Amino acid sequence: MKHHYLRPVLATALAGGLLGLVAPTASADVTDVDLQGNVSEALDLPAGVTVAKGGTAPDQMIGTSTRRFNDFPRRGSSSYAVMSTGKANDLFNMDLPGLQASTSHGGARDTASLTFTVDPSVSGSCLLVDVAMATEERVHTFLPSAPSDNASLTLNGSSKQYAMNPGPRYFEQQNLAAKPVGFEVNKIDYWHQIDEEFERQPDDADAPMLAAVTPFDNFTSVETMEVPLTDNPDGETDVVTLALSDANNDSLDSALMVDRVRIAPVCSGSASAETGLYPTRAFTIVGHRGMHNILTVDLFPETDEIERYDAADNSWFPNGEVDLRFRWYRGACTQMPNAATAIPDADRQSYSPTVEDEGKCLMVLVTGVKDGYRTETFPSPNNWSQALTLPIQKGVFTSELAPTITKTGDPDVIKVNDSLTATNGVFTPRPDTFEYQWYADDRPISGETAQTFRVTSDQAGKKLAVRVTAQRLNFDALPKFSPETSAVQLLELTATPTPRVTGTGRANEILTGVPGTWGPDPVALSYQWYADGAPITGATKVTYTPTASQVNRQVRLAVTGTRAGYRSVTQQSDPILVTLQSFNAPRPTIGGTPLAGNQVQAITGTWSPTPTTFVYQWLLDGEPISGATRSLYTLTSAQAGRELTVEVTGKATGYTDTTRVSDPVVVGLKDFTVSGDPTIIGDGLVGSSLSVDRGVWDPMPGFSYKWYADGNEILGATRSTFTPSDAERGKSVSVKVTGSLTNYRTQERMSAPIDIDIRRFIAGRPSITGSLKVGQRVNAAPGSWLPSASYTYQWKLNGVLLSRYSYLTIPASAAGKRLTLEVTGKKSMYLTQTVSTTSAIIARGTLTATTPRITGTLKAGRTLRVSGSWRPSPVTLRYQWYLGTKAIRGATKSSYKVPKKYRNKKIRVRVIGYKSGYTTLSRYSSYKRISKR
């Protein structure tokens with residue numbers, strides 16, 4: 001199926017129009033980069049040309065691929081080579097962490113190269129290769145002079161560079177220089193990103209130029225690089241080197257896609273190059289001239305489809321192998337084409353105007369490229385106006401699929417209460433937001449501006465539609481209507497019962513309609529009474545009183561149920577025949593208070609006419625009470641809780657006996673009048689009697705009692721007095737008083753509880769007497785107790801029991817701590833009670849000692865000893881012997897053998913006493929002089 005552009009947007013033609021595109025060509029089988037692939041075959045090397053891989057890690061940095069992407073493989077080829085500064089097989093590796101290709105092979109500057117050797121026997125003087133660059137580096141960011149990943153193409157090691165990007169034009173025109181730049185990331189101005197919304201194939205508005213199959217962010221369009229070969233009469237070979245270098249091994253990778261290495265007779269810039277490339281048709285620019293719409297160069301306007309730039313028949317001569325290149329320009333419309341400025345990245349057959357283009361005119365130049373031919377650009381300067389657009393306006397949506405209305409269930413049947421949803425349809429480009437307006441019979445429904453809509457009864461019988469308006473920044477809003485639905489159907493009532501009529505049917509007696517339960521609720525009911533099939537004027541209520549004139553006529557009731565959104569339904573009752581009159585009899589009432597022991601009376605009310613006789617029958621729960629056939633009746637306590645009614649029958653000659661039944665009353669029991677709740681009298685102590693004050697009861701009943709402890713019944717405690725035992729100590733005691741009397745409702749009254757307690761001491765604080773030092777004896781004084789009690793004692797240190805006596809010798813472990821004394825008092829009928837006190841901090845004990853005495857012969861070579869008395873024992877002693885005032889090294893025992901050198905010297909000893917919980921004590925002996933001999 002062919003798609004059409006409705007209008008061109010050239011300055012020489014009508015503005016506006018829609019861009020239609022043909023379906024995309026099926027892609028080749030998708031494969032990853034093969035690092036073991038045959039590069040020679042992938043590049044379609046001609047005879048006499050060989051290739052060698054080189055660089056930092058060629059086995060990882062160079063491979064082949066057959067994946068169709070970015071115009072590769074080239075026309076006539078099935079595969080191509082891939083070069084990378086990292087890993088070649090990362091080009092299509094979508095499993096890379098963070099989708100970021102960044103590999104360093106450890107070289108000073110990682111480089112991948114393909115070296116082509118051209119045999120001198122090869123016919124032709126120009127080597128050509130198709131190349132596109134990919135990079136993970138940021139583009140349009142750094143100065144062109146800043147280092148960046150780059151490709152080079154050199155001949156025989158010369159510094160002359162043949163890897164060039166043409167820049168804004170392929171050769172000088174109208175004094176505008178070509179300005180080619182090196183194939184370096186920071187120098188190239190023409191890049192394209194992955195899956196860009198407005199980068200579309202010229203023959204498919206849905207297919208992006210670069211599908212999301214690669215982690216690399218930026219790609220150039222394909223360029224054909226040319227290397228003029230040397231004339232080698234001496235039979236020397238030419239060596240052409242294509243290399244890709246990483247400017248920073250630790251940063252992001254770049255790659256080259258390389259294909260169709262071939263030999264041409266001459267390069268395009270040669271004076272002997274063939275001439276005559278030209279378009280056989282004047283191209284036009286088609287598409288909406290709006291921001292973010294897609295403009296496309298239509299190379300062959302006479303055909304319905306858009307010919308691609310690389311199609312065999314793209315209208316250029318000679319037919320078959322002319323590749324086309326594009327450059328788009330913008331400028332003020334009044335100064336175009338002379339003020340045209342090249343648009344960065346705009347080198348495709350299709351271009352989507354941006355915000356910067358609003359109000360400006362665009363121009364496109366098409367350049368034909370063919371091996372061995374001179375490159376030609378059209379239109380020529382004197383015809384540039386052919387390639388101009390009218391001013392770029394706000395973007396324009398195209399709608400490829402209208403909105404629709406969906407619902408759960410059969411979409412062709414729309415009923416009241418259905419919930420409808422609007423689908424947005426398909427708009428190109430993608431809108432940012434949508435607005436909605438629902439319609440009924442071509443009129444907007446007030447307030448219904450959401451994507452969903454619930455059908456109401458107001459839409460019954462009408463056809464619905466929804467208007468969906470696509471909106472996007474810098475675009476004109478585009479409203480689109482859905483197809484109309486079928487007319488909205490009313491719902492059916494689910495319950496429409498046949499009404500009944502109750503009543504005697506006698507003239508002047510009320511007939512009452514029973515409509516039944518209609519659904520779903522709520523259903524509004526209206527009424528119309530009929531006599532012999534004719535409506536009775538004014539008889540439009542649920543009740544009707546037939547007149548004497550309607551005797552022997554058939555009366556029926558018609559009930560009509562209506563509800564918004566539902567079909568109205570009318571149902572008729574069975575007919576009832578109107579007969580003679582009957583009494584106009586009211587419902588009797590029961591006079592008096594219906595309590596046991598009381599007398600009640602049947603009150604007939606006013607009958608019309610007044611019957612000659614009344615007959616009575618009293619009923620209990622609907623059953624006649626035997627013998628109760630008078631207007632007065634005395635109730636009994638056995639009837640309490642049951643329903644009492646009276647049936648009154650009026651009799652008179654010429655009237656049908658008429659019976660009326662009163663409304664029921666429930667027979668009750670009389671209630672006591674009680675003033676005040678029961679109150680417990682007593683002190684609430686174990687062993688003390690409790691009694692109860694019942695309060696004032698009128699009339700006086702018989703009483704019974706039950707005593708409770710913490711809400712539990714106390715067995716046997718059923719008198720008006722109760723003496724708590726030890727079992728009730730600490731509990732709450734209450735009493736329930738029950739009053740009973742014939743014809744009265746038995747009544748229970750509960751007293752407020754009182755707490756049962758035991759007698760308690762009034763205890764003072766105990767005290768500790770004696771010296772609070774380790775080794776000293778302290779005594780316990782229980783303090784003042786009322787009444788007096790028998791006492792027990794506990795001495796504790798840090799919660800650990802030391803003694804149960806009334807005295808304590810303070811242990812060494814108490815030094816620096818506090819003692820606790822607990823005194824417990826006990827006495828019959830009293831609560832055992834414990835009081836405590838805490839001492840001041842316990843001081844360390846004091847050691848006592850006599851002055852150390854040195855014994856033994858005071859001569860050199862003899863052993864001296866020290867003695868003395870220390871208390872309290874045991875005491876740990878340490879010694880130090882001194883010569884004069886100087887401590888003798890090593891002399892730290894209780895004995896010391898005097899060396900000869902100490903003759904005629906004075907010696908003494910220091911003794912230090914240690915004991916846990918006591919202050920350390922140091923004592924010196926008196927000096928002793930050693931004999932001279």
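A quick note: this is a predicted structure, and the numbers were derived from the prediction, not measured. Computed from heavy atoms alone, side chains included, the values below leave out hydrogens, waters and symmetry copies.
Checked against a 6.0 Å centroid threshold, the rings of F69 and F219 count as neighbours.
Inspection of the R325 and T224 side chains reveals an N or O donor paired with an N or O acceptor under 3.5 Å. Judged purely by distance below 3.5 Å, without hydrogens or angles, the side chains of D246 and H105 never pair a donor atom with an acceptor atom. Under 3.5 Å, the side chains of S315 and E307 contain no donor-acceptor pair of N or O atoms. Donor-acceptor pairing under 3.5 Å is lacking for the side chains of S254 and E137. Looking only at atom types and distance, the side chain of S152 has no donor-acceptor partner in the side chain of T154 under 3.5 Å away. Donor-acceptor pairing under 3.5 Å is recorded for the side chains of S221 and R348.
For the pair R281 and F283, the minimum side-chain heavy-atom distance is 4.5 Å or more. Between T103 and D110, the closest side-chain pair of non-hydrogen atoms is not below 4.5 Å. Using a 4.5 Å heavy-atom cutoff, the side chains of D432 and R472 are in contact.
Nearest heavy-atom pair, E184 versus S148, reported as atom, atom and distance to 0.1 Å: CB-OG, 3.9 Å. Taking all atoms of both residues into account, the shortest heavy-atom contact from Y190 to G167 is CE1-O, 3.4 Å. Between T141 and V139 the shortest heavy-atom distance is OG1-O, 2.9 Å.
Looking at residues two or more places apart in sequence or on another chain, you find no ring pair (Phe, Tyr, Trp, His ring centres under 6.0 Å) involving F142.
At least one donor-acceptor pair closer than 3.5 Å links the side chain of N156 to the backbone N or O of V239.
Atom CG of L277 sits about 7.0 Å away from atom CH2 of W316, to the nearest 0.5 Å. How far CD of E400 is from OG1 of T428: 3.5 Å, rounded to the nearest 0.5 Å.
Of the options D130, D259, T66, a side chain to side chain donor-acceptor pair (under 3.5 Å) to S77 is made by D259 and by none of the others.
By the 30° and 60° cut-offs, the orientation of the rings of F427 relative to F397 is perpendicular.
Heavy-atom neighbours of E196 CD from other residues, nucleotides or ligands within 6.0 Å: above the threshold of 12.
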